[in-house]
2 protein chains.
Amino acid sequence: MITYSDQVRVLVAVDCIIFGFDGDQLQILLIKRGFQPAKDQWSLMGGFVGKKETLDGAAERILFELTGLKDVYLEQLSAYGNPERDPIERTVSVAYFALIDINTYKTQISDRYHAEWFLINEAPSLIFDHNNMVEEAQKRIRYKAALHPILFELMPTKFTIPQLQNLYEQVYNAKIDNRNFIRKVNSTDLLIKLTEKDKSSSKRGAFYYTLDKTKYKAKFQSFLNFIPNPENLIS
Amino acid sequence: MITYSDQVRVLVAVDCIIFGFDGDQLQILLIKRGFQPAKDQWSLMGGFVGKKETLDGAAERILFELTGLKDVYLEQLSAYGNPERDPIERTVSVAYFALIDINTYKTQISDRYHAEWFLINEAPSLIFDHNNMVEEAQKRIRYKAALHPILFELMPTKFTIPQLQNLYEQVYNAKIDNRNFIRKVNSTDLLIKLTEKDKSSSKRGAFYYTLDKTKYKAKFQSFLNFIPNPENLIS
DNA sequence: TCAAAAGTGTTTGGCTTACACCCATGC
DNA sequence: GCATGGGTGTAAGCCAAACACTTTTGA
C-alpha cells in the first residue's frame with residue numbers, strides 16, 4: 001500500500017465566528033473554554049474535524065451543538081495555520097462565520113458551553129488567534145454586505161426597515177440617510193410588506209416586512225449597492 | 001503535559017492554482033505528477049505543509065520550487081477537506097492562487113516537475129478535486145477583478161492597454177468596448193505612459209505603459225469598476 | 001489610398017445624493 | 001398641537017454605455 005508516510009500529520013479544527021442580531025444590536029457569541037489549555041478564557045466555539053467529516057459538515061455540527069440551529073448562513077472565512085497558534089499542539093484551524101437571528105437561538109442547548117452574547121465592541125479578548133479571526137470576519141462581512149444582501153440573514157422573520165438600517169449602521173459604523181436607505185432597500189424588491197406596524201420606536205410606527213426568500217436566492221449573487229462609496233467606510 | 005490525544009491527525013497540503021499571462025493568452029501552469037497515486041496525471045502544483053511552516057509560507061515555497069519566483073501575488077482561495085478527496089490518506093488541502101507574468105517564469109527550475117502551461121479552456125482534466133479548485137479560483141478572480149486591479153499583476157513590466165483589454169476579455173469571456181475601456185483604465189491613474197509604442201498588432205501602434213506601483217498599492221482596496229455589470233457576466 | 005487598430009468626443013439615461021417636505025400618532 | 005421618527009418627492013450631478021468620428025501608418 002502506498003502512503004505519504006514521511007509527512008507530518010496535524011490536527012484540523014473548525015472555529016465559528018457567530019454573529020447574531022436581536023433586532024437592535026449586533027452581537028457575537030462566545031464560549032468560556034471548559035478545558036485546558038486556556039481553560040475559562042473566552043473563545044470562539046470550535047472543535048476538531050471528525051474522521052469522516054467534511055469541513056462544512058464540521059462547521060454545521062459545531063454550530064448546531066452550540067445553538068441548536070440548522071440551515072443557518074455559514075461561510076468559510078479562511079484557514080489559519082501558524083505553527084505556534086495553539087501552544088499545545090500544532091492545529092490548523094478553518095474558520096467559518098455564521099449569521100443568525102438571535103431570537104431563534106435556543107439557550108438551553110448551549111448551557112454546557114457557558115456561551116454568552118457580547119456586543120462586538122465589548123467582547124473580551126480571546127484565546128489564540130481568535131481575535132484576528134473575528135476581525136477578518138468583520139471585514140469580510142463589510143465587504144460582502146456592500147454588494148450582497150447577507151445582512152438580511154441576521155434579521156428576525158419580521159422586521160422593519162429602520163431596524164435593518166440600524167444593523168447596517170452598526171456593521172459599517174456609519175450613519176446612513178434613512179430616506180435614501182428606505183428607497184434603496186425597497187428598490188431591491190426583496191421584501192414583502194406586511195400590514196402590521198411596529199410602534200415600539202415611534203408613534204407613527206414602521207411597517208413590518210418579511211424576506212421574499214425566492215427573490216433573495218435569485219438575486220443573491222447580483223451586485224447590489226447597499227452602501228454608498230464602500231471604499232470610504234471599510235477600514 | 002496536556003494533549004489533544006484522542007483526536008485524529010491528518011495531512012495538510014497546499015495546492016497552487018498558478019495563472020500566467022504572456023501578453024497574449026491567459027494560461028494555467030500544471031505539472032505531471034511524478035509519484036503515486038495518480039502518477040503521470042496532470043495536477044496542480046502542491047505539497048505538504050512543513051513542520052514549522054505557515055500556510056502562506058508553504059504556498060510561497062511551493063510556488064518558488066516550481067517557478068523560481070518570489071514576491072508574486074498569492075492569495076488563499078479556500079480549504080478543501082472532503083474526507084474522500086485523496087484516495088490514499090485523508091488530506092486537507094488549502095488552495096492558493098497565484099498571478100504571474102509568464103515572461104519572468106524560469107523554465108529551467110521547473111523542469112523536474114514536467115510543468116506545462118495550458119490555455120484555460122484546453123487544460124486537461126486534473127486529479128482529485130483540482131478541477132473544482134481551478135473553477136473556484138476563476139470565479140474568485142472574476143469577482144475580485146471586477147472591483148480591484150488584480151489583473152495588472154499578470155501583465156509584463158511594460159504593456160499596452162489593448163493587451164490589458166485582451167486579458168479582461170479572456171477572464172470574463174466577453175467582448176469589451178475598447179473605447180470605453182481605454183478611458184476607464186486611464187481614469188484610474190494607475191498607469192504611467194511610456195514614449196515607446198508597440199507596433200506588432202497595429203500600424204498606428206499602441207503606447208506602452210507601466211504600472212505605478214505606489215498608486216497601485218494605495219488604490220488596491222478601493223472599489224473600482226472595470227467590468228460593466230459584472231452580474232451579467234459572471235456565471 | 002485604404003484598411004484596421006488606437007484613441008477622442010459627445011450624447012444619453014440611469015442611478016446616487018442631498019435635502020425639502022409631508023405623514024401619522026401618542027403625549 | 002407639537003415632537004418624533006417614518007416615509008415621499010424631487011432636483012442636481014455624476015458616471016457608465018453607446019457609438020460617431022478622428023488619427024496613424026504599413027502595405
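Model, not experiment: these values are computed from the prediction. The sequence lines fix the lettering, A, B, ..., with proteins before strands; numbering per chain opens at 1.
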Can you list everything that forms a side-chain contact (heavy atoms from CB on, under 4.5 Å) with A:Ile17? Sequence neighbours excluded, please. A:Phe19, A:Ile28, A:Leu44, A:Leu77, A:Ala95, A:Phe97, A:Met133, A:Val134, A:Ala137
Expressed as a whole number of angstroms, how long is the span from A:Lys197:NZ to C:dC23:P? 13 Å
Check this for me: does the side-chain of B:Arg179 come within 3.5 Å of the base of D:dA17 through a donor and an acceptor? no
Rounded to whole angstroms, how far apart are CD1 on A:Ile176 and C1' on C:dA18? 15 Å
Counting only side-chain N and O atoms of B:Lys184, is one of them less than 4.0 Å from OP1 or OP2 of D:dA17? yes
For B:Phe152, ring pair (Phe, Tyr, Trp, His ring centres under 6.0 Å) partners two or more places apart: B:Phe226
So with a 6.0 Å cut-off around NZ of B:Lys197, is the heavy-atom count from everything else above 12? yes
Scan side-chain atoms only and decide if B:Asp56 and B:Tyr96 contain a donor-acceptor pair under the 3.5 Å cut-off. yes
Taking ring pair (Phe, Tyr, Trp, His ring centres under 6.0 Å) as the definition, give me every residue that meets it alongside B:Phe118, ordered by chain and number, with sequence neighbours left out. B:Trp42
Whole-Å gap separating C1' (C:dA6) and CD (B:Gln165): 10 Å
Qualifying residues under side-chain contact (heavy atoms from CB on, under 4.5 Å), relative to A:Gln163, sequence neighbours excluded: A:Met155, A:Phe159, A:Thr160
Which of residues 199-211 of chain A have a heavy atom under 4.0 Å from DNA chain C? A:Lys199, A:Lys203, A:Arg204
Calculate the interatomic distance between A:Leu164 atom CG and D:dG7 atom P; express it in whole Å. 12 Å
Between the protein and nucleotides 10-13 of chain C, are there any N/O to N/O pairs under 3.5 Å, and if so, what are the atom names and distances?
| unit_1 | atom_1 | unit_2 | atom_2 | d |
| --- | --- | --- | --- | --- |
| C:dT10 | O4 | B:Arg183 | NH1 | 2.9 |

For atom CG of A:Asn178 and atom P of D:dT8, their distance in whole Å: 11 Å
Give the rounded distance in Å between these two atoms: CD1 of B:Ile182 and P of C:dA5. 13 Å
Considering residues at least two apart in sequence or located in another chain, which fulfil the ring pair (Phe, Tyr, Trp, His ring centres under 6.0 Å) criterion with B:Phe220? B:His148, B:Tyr216
What is the distance, rounded to the nearest whole Å, between atom NZ of B:Lys175 and atom C1' of D:dA17? 16 Å
Pairs in or reaching into residues 125-137 of chain A: which pass salt bridge (charged side-chain N to carboxylate O under 4.0 Å, His left out), with residues at least two apart or in two chains? A:Arg85-A:Asp129
May I have all residue pairs that pass salt bridge (charged side-chain N to carboxylate O under 4.0 Å, His left out) and include part of residues 151-180 of chain B, sequence neighbours excluded? B:Lys158-B:Glu196, B:Glu169-B:Lys175, B:Asp177-B:Arg179
Value in whole Å for how far the P atom of C:dT8 lies from CG of B:Asp177: 14 Å
